[in-house]
Amino acid sequence: MRGTGAAGGQGQRSSRMGSLGRSQVIILSYVLVALELTCLFMRFSIMPYLTRQLGLDSVAFGYLQTAFGVLQLLGGPVFGRLQCPASVALVANLVAAVLSFTCIPISTKVVSADAPAAPPGRPDAGVFDLKAISRLLLRPGVLPVFLIKVVSGFPSGLFMVMFSIISMDFFQLDAAEAGYLTSFFGVLQMVIQGVVIGRLSSYFSEGALLRAGVLVFVVVGLAMALMSNVFHFCLLMPGLVFSLCALNVVTDSMLTKAVPESDTGTMLGLCASVQPLTRTLGPTVGGLLYRSFGVPIFGHVQFATNVLVLLVLWRLPLPQKTDKVW
C-alpha cells in the first residue's frame with residue numbers, strides 16, 4: 001500500500017508537468033533559484049563587516065565560513081538567533097519549498113533512445129548508500145569529468161569564499177560598494193549562463209566548451225596574480241564568470257547524460273556537493289593563504305592548477321557532438 005501510494009503521489013507530481021507546461025516549470029525553477037540565492041547572498045554581504053566589528057581577523061573569518069560549509073555539506077537545518085535578513089530568508093525559503101513541492105514535477109529528464117538504462121531488478125538506493133555513489137562514479141566517463149569539476153573550480157572557489165574579506169581589505173570597499181560589485185557579478189552570471197553558454201552550445205561540443213572554460217581560467221589566474229585594484233578585477237570578472245558557468249553547466253550536463261534516468265537525482269546531488277565541499281575546506285585554506293601570501297596567491301594557484309587540468313583535458317576523450325547543454 002505504501003508503494004502504491006508513493007507511486008500515485010509521484011504520478012500526480014509528474015502530471016503537473018503537463019498542467020503547467022515545460023516553459024512555466026523552467027521559469028518557476030529560475031525564480032526559486034534566484035530567490036534562494038538572493039537570501040543566501042544577503043547573509044554573505046553582511047558577514048565580513050559584522051565579523052570585523054566583533055574583532056575577528058581573516059583566518060577567524062575563514063573558520064566561520066568553514067563551519068557554514070560543514071553545515072551546508074551535511075544539510076542540517078541549523079537555525080541560530082534571527083537577524084532581519086535571516087527572518088526574510090526563512091519565510092522566503094518556506095514559500096519556495098511549498099512552490100517547488102506543489103509545482104515542480106519529480107522527473108523532467110527526457111529519455112533518449114541511446115540513453116543508458118538502469119539495470120533491471122536493481123533495488124532503490126538509500127539516501128546515504130555509498131555503494132550506489134561509488135557505482136555512479138565508476139561508470140565510463142564519469143569519474144574523470146567529476147574530478148575535473150572539483151579540481152578546476154577549487155582555486156576560484158578559494159578566492160570567492162574569501163571575496164568578502166578581499167573586497168574590504170584589499171579593494172578598500174565599504175558595504176554598499178561591495179554590494180554593487182556583487183550585484184555586477186550576479187548580472188554577469190545571469191547573462192553568461194542564461195544566454196552566452198546556451199548560444200555557444202549550439203555551435204560547439206561540450207568537450208570544446210569545457211576546454212575553453214579551463215583555458216580562460218588559466219588566463220584569468222594569471223591576470224588575478226597581477227591585479228592591484230578593483231578596476232583590474234572588474235576587467236577580469238567576465239572571464240572568471242564565463243569559466244565558472246562553463247565548468248558548472250557543461251560538467252553537470254555531461255555527468256547527468258552519463259547515468260540512467262533513475263540515477264539523475266543522485267548525480268545532481270553529487271554535483272551540488274562540490275560547492276559545499278569548497279565552502280568547507282576553502283575558508284580555512286583561503287584564510288591561511290591570504291594572511292601568508294596576500295591576494296596574488298589565489299591567481300598563482302588558479303593558474304598552476306588549471307594548466308595541469310588543461311594538459312589532462314587535451315589527452316582525455318570528450319564528447320565531440322554539438323549538443324545544447326541547457
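Nothing fancy with the numbering, it's 1 onward along the sequence. Just the heavy atoms: all of them, side chains too, but no hydrogens, waters or symmetry mates, feed the values below.
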pair Val249-Gln193: side-chain heavy atoms closer than 4.5 Å: yes
Worksheet item: Side chains of Val274 and Phe154: does their closest heavy-atom pair fall under 4.5 Å?
Response: no
**Prompt:** Do Met168 and Ile165 come within less than 4.5 Å of each other through their side chains, counting heavy atoms only?
**Reply:** yes
Worksheet item: Given the rule that I, L, V, M, F, W and Y join up when any side-chain heavy atoms are under 4.5 Å apart, are Val219 and Val250 in one cluster?
Response: no
Partner of Ser156 under side chain to side chain contact (heavy atoms under 4.5 Å, CB included), picked from Val220, Val241, Leu240, is Leu240
Taken to the nearest 0.5 Å, the spacing of Leu308 CG from Leu313 CG works out to 11.5 Å
Does Phe170 form a side chain to side chain contact (heavy atoms under 4.5 Å, CB included) with Val230? I'd like the steps, not just the answer. CA-CA 9 Å; Phe170 185 75; Val230 68; over 6 Å; no
Exercise for review: Ignoring hydrogens and angles, tell me if any N or O in the side chain of Thr251 forms a donor-acceptor pair with the backbone of Lys149 under 3.5 Å.
Suggested key: no
Interatomic distance, CG@Asp252 vs CE@Met254, rounded to 0.5 Å, equals 11.0 Å
Should Met190 and Met237 be counted in the same cluster of Ile, Leu, Val, Met, Phe, Trp and Tyr side chains packed under 4.5 Å apart? no
Check the hydrophobic clustering (I, L, V, M, F, W, Y; side-chain heavy atoms under 4.5 Å; chains of links allowed) and say if Leu147 and Leu281 are grouped together. yes
For the hydrophobic clusters of this structure (ILVMFWY residues joined by side-chain heavy atoms under 4.5 Å, transitively), does one cluster hold both Val307 and Phe298? no
Rounded to the nearest 0.5 angstrom, the CG-OH distance for Leu158 and Tyr290 is 14.5 Å
Are any non-hydrogen side-chain atoms of Leu244 and Phe185 less than 4.5 angstrom apart? yes
For Leu181 and Cys234, the nearest pair of non-hydrogen atoms, with its separation, is CD1-SG, 3.7 Å
Ser201 and Leu209 have their tightest heavy-atom pair at CA-CD1, 3.8 Å
ring-ring contact (aromatic ring centres under 6.0 Å, His included) pairs touching residues 230-277, sequence neighbours excluded, are Phe159-Phe233, Phe163-Phe233, Phe171-Phe233
Note, Val142 side chain near Met267 side chain (heavy atom, < 4.5 Å): yes
- State, yes or no, whether a side-chain contact exists between Leu226 and Pro296 at a heavy-atom distance under 4.5 Å. no
What's the verdict on side chain to side chain contact (heavy atoms under 4.5 Å, CB included) for Leu270 and Leu137, showing C-alpha distance, side-chain angles and the deciding distance? CA-CA 9 Å; Leu270 285 175; Leu137 290 177; 4.1 Å; yes
Between Cys245 and Gln189, the two heavy atoms sitting closest are SG-CG, 3.8 Å
Point to revise | Worked verdict on Glu206 versus Lys257 for side chain to side chain contact (heavy atoms under 4.5 Å, CB included) | key: CA-CA 12 Å; Glu206 292 177 339; Lys257 289 177 182 177; 2.8 Å; yes
On a heavy-atom basis, the closest approach of Ala258 and Pro140 is CB-O, 4.5 Å
Heavy atoms of Ser167 and Ala178 approach each other most closely as OG-CB, 4.0 Å
OG (Ser253) and CG (Asn248) are apart, to the nearest 0.5 Å, by 12.5 Å
Closest heavy-atom pair, Pro238 versus Leu188, reported as atoms and distance to 0.1 Å, is N-CD1, 4.0 Å
query: Would a hydrophobic clustering, with Ile, Leu, Val, Met, Phe, Trp and Tyr connected at side-chain separations under 4.5 Å, put Val259 with Val150?
result: yes
So CG of Leu173 and OG1 of Thr182: to nearest 0.5 Å the spacing works out to 9.0 Å
One should read off an interatomic distance between Met227 CE and Leu235 CG, to the nearest 0.5 angstrom, of 11.0 Å
So side-chain hydrogen bond (donor to acceptor under 3.5 Å, both in side chains) across residues 301-314, not counting sequence neighbours, yields Ser152-Asn306
Short question: side chain of Ser292, backbone of Leu289 - any donor-acceptor pair under 3.5 Å? no
